[in-house]
Amino acid sequence: MLKQKIKLTAIFILGALGLKAQTNQFQYQRDLKGVTTNWHSLQIPNQVFKKANAGLEDLRIYGIKGKDTIEVPYILEQSANQVTERETSFNIINQTHNQNGYYYTFQASVAATLNQIRLSFKQANFDWKVALEGSNNNTEWFTVLKDYRILSIKNNNTDYQFTQLNFADAKYTYFRICIKANEQPELNAAKILKADTLKGIDAAIPFSGYQLQNDAKNKQTLVDINLGDIVPLSYLKLNVQSDFDFYRAFKIEFATDSFKTDKGIQYNYAPLYEGTLSSLEFPEFRFKSTLVSRLRITIENNDNKPLRLNSIALKGPVYELMARFEKTDYNYALYYGKKEAVAPSYELKNFENKIPMEMTALTVGEEKINPAFAAPKIEKPLFENKLWLWCLMGIIISLLGFFAYKMLNS
């Protein structure tokens, strides 16, 4: 009987310690208010990204009631745009030319709604105007695009192409392209397709301003942007102007760390996006969501006059947790700040189709230090332990004395 009581007491103590151990590895917490049903969502505040791991592997939701602790399963979603493309097969049924230009007629396998045609040519350098028409009987034609410009430039300084026809949704069996060129365009390939963008929720990222420097020696324009806090960034828009058409190679980099020099604080940068600024395309650029606090934009001017930069817009996705709460009478909190955390694996990911579309959002409280947090003990090297060193010295002195005694006796 006594053994059974000891065993039950040991199990209870170990269980209590295990429950506490669930939360004591996380340095920060934010209280969650408004749990009234099984399903809720919560938006991750931007301030969390500064203290959480870069991949958010350390996010946990725990509920506590007395000595009982439960872990809440969740799915992490980000509200980035989702682009889908549906290509339509076709045949080129006609290639002719007259005084108006060179014609290519495409017959789609089925009449489908399209909004994009991508062209590829053998020529590396050209500047042509294009007209696009649609027809359902190959007799009566309707204008889809007029005086549309396609361009390709390849030299030591520039490698740029814009050969994609973008237009409003159009449903025709036949599409006819007329290219106004002084030479025969050599068409390598073409794709006709429908591109759809499911708009996500982009949150505007505020910043205090930017510093612009036109580097005449290196023929570059440098733009430095300090965002302050670490935030997820996936969109950048550059409002630039020029008196003439332009196409400039440019890149976006983000600061990874900093160091002090005689000239002040300097930064190391990692690549985020590379592309081309062009008067032919809208200056919006999307890339994989990345946590950043400082950006550098480098525009290659070559021998051209620098562009006029009017404004910059930054956006990032909203990160949201969709969580299943089994009990509503517990006190819940979001925990984070565990350096060596591994991302949790919940069964929810296998049953996403059963997750409700509409959920009540929880109120996320202010950040505070987790009172149960126990900082991991740092083991000092053996040679930094004074007791061990004194013991070692004692052993060495004893051995030296022993061998000296043996030598004297011999």
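All values reported here derive from a predicted model rather than from experimental measurement.
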task = Establish, from distance only, whether the side-chain atoms of Asn302 and Glu300 form a donor-acceptor pair under 3.5 Å.
result = no

ask   = If only atom types and distance count, is the side chain of Thr256 paired as donor or acceptor with the main-chain N or O of Asn268 below 3.5 Å?
value = yes

key: Geometric cation-pi criterion Arg149 and Trp128, 6.0 Å radius, 45° cone   = no

inquiry  = Under 6.0 Å from the ring centre and within 45 degrees of the ring axis: does the NZ or CZ of Arg294 meet both conditions for the six-membered ring of Tyr267?
reply    = yes

inquiry  = Please check: side-chain N/O of Asp215 versus main-chain N/O of Asn218, any donor-acceptor pairing under 3.5 Å?
reply    = yes

key: SB check Arg296 Glu253 (cutoff 4.0 Å)   = no

Residue pair Asn98 / Tyr103: nearest heavy atoms and the distance that separates them = OD1-CE1, 3.4 Å

query = Does the side chain of Tyr332 reach to within under 4.5 Å of the side chain of Leu362, using non-hydrogen atoms?
reply = no

key: Close aromatic pair by centroid cut-off 6.0 Å: Phe254 and Phe287   = no

query = So, Asn137 versus Ser135: side-chain donor-acceptor pair below 3.5 Å or not?
reply = yes

message = What's the separation between atom CG in Leu307 and atom CZ in Arg248, rounded to the nearest 0.5 Å?
response = 4.0 Å

task = Please examine the side chains of Val130 and Lys180, heavy atoms only from C-beta on, and report whether any two atoms are closer than 4.5 Å.
result = no

query = Would a line drawn from the ring center of Phe106 to the ring center of Tyr174 be shorter than 6.0 Å?
reply = no

task = Determine, for Arg286 against Asp202, whether the closest basic-nitrogen to carboxylate-oxygen distance falls under 4.0 angstrom.
result = yes

task = Would you check if there is a donor-acceptor pair between the side chains of Tyr346 and Glu71 at a distance under 3.5 Å?
result = yes

task = Measure the CD1-OG1 distance between Ile153 and Thr276 for me, rounded to the nearest 0.5 Å.
result = 10.0 Å

key: Side-chain (Asn53) to main-chain (Gly55) donor-acceptor, under 3.5 angstrom   = no

query = Can you check whether Phe373 and Tyr28 have ring centres sitting under 6.0 Å from each other?
reply = no

ask   = Would a distance-only check, ignoring hydrogens and angles, find a side-chain to backbone donor-acceptor pair under 3.5 Å from Asp58 to Tyr336?
value = no

task = Considering only NZ, NE, NH1 and NH2 on the basic side and carboxylate oxygens on the acidic side, decide whether Asp68 and Lys327 come within less than 4.0 Å.
result = no

query = Is Lys51 salt-bridged to Glu367, cutoff N-O under 4.0 Å?
reply = yes

inquiry  = Please check: side-chain N/O of Gln123 versus main-chain N/O of Glu186, any donor-acceptor pairing under 3.5 Å?
reply    = yes

query = With no hydrogens and no angle check, do the side chains of Asn304 and Asn301 hold a donor and an acceptor under 3.5 Å apart?
reply = no

ask   = Does a side-chain heavy-atom distance below 4.5 Å link Tyr172 with Phe142?
value = yes

inquiry  = If only side-chain N and O atoms count, and only distance matters, is there a donor-acceptor pair under 3.5 Å linking Tyr330 with Thr69?
reply    = no

inquiry  = Measuring from atom NZ of Lys194 to atom CD1 of Ile192, what distance do you get when rounded to the nearest 0.5 angstrom?
reply    = 13.5 Å

query = Could you give the distance from OG1 (Thr36) to CG (Asp329), rounded to the nearest 0.5 Å?
reply = 12.5 Å

request  = Given ring-ring contact (aromatic ring centres under 6.0 Å, His included), test Phe126 with Phe121 step by step and report yes or no.
outcome  = CA-CA 10 Å; Phe126 58 82; Phe121 298 92; 5.4 Å; yes

message = Apply ring-ring contact (aromatic ring centres under 6.0 Å, His included) to residues His40 and Phe325 and explain how you reach the verdict.
response = CA-CA 8 Å; His40 286 285; Phe325 297 83; 5.8 Å; yes

Ile312 and its side-chain contact (heavy atoms from CB on, under 4.5 Å) partner, picked from Asn239, Val240, Leu238 = Leu238

message = Could you tell me if the side chain of Leu272 sits less than 4.5 Å from the side chain of Leu295, heavy atoms only?
response = yes

query = Is it true that the side chains of Ser278 and Tyr160 contain a donor and an acceptor less than 3.5 Å apart?
reply = yes

ask   = Between Tyr235 and Glu284, do the side chains contain an N or O donor and an N or O acceptor separated by less than 3.5 Å?
value = yes

ask   = Can Phe49 and Tyr319 be said to form a ring-ring contact (aromatic ring centres under 6.0 Å, His included), step by step?
value = CA-CA 10 Å; Phe49 299 109; Tyr319 282 79; 5.4 Å; yes

inquiry  = Whether the side chain of Glu133 engages the backbone of Cys178 through a donor-acceptor N/O pair (distance < 3.5 Å, no angle test) should be reported.
reply    = no

query = Sub-3.5 Å donor-acceptor pair from the side chain of Ser242 to the main-chain atoms of Phe244, do we have one?
reply = yes

query = Does the Thr290 side chain pair with the main chain of Lys288, one donor and one acceptor, at a distance under 3.5 Å?
reply = yes

query = Under 3.5 Å, is there a donor-acceptor pair between the Asp169 and Asn115 side chains?
reply = yes

Donor + acceptor pair across side chains of Asp245, Ser279 (<3.5 Å) = yes

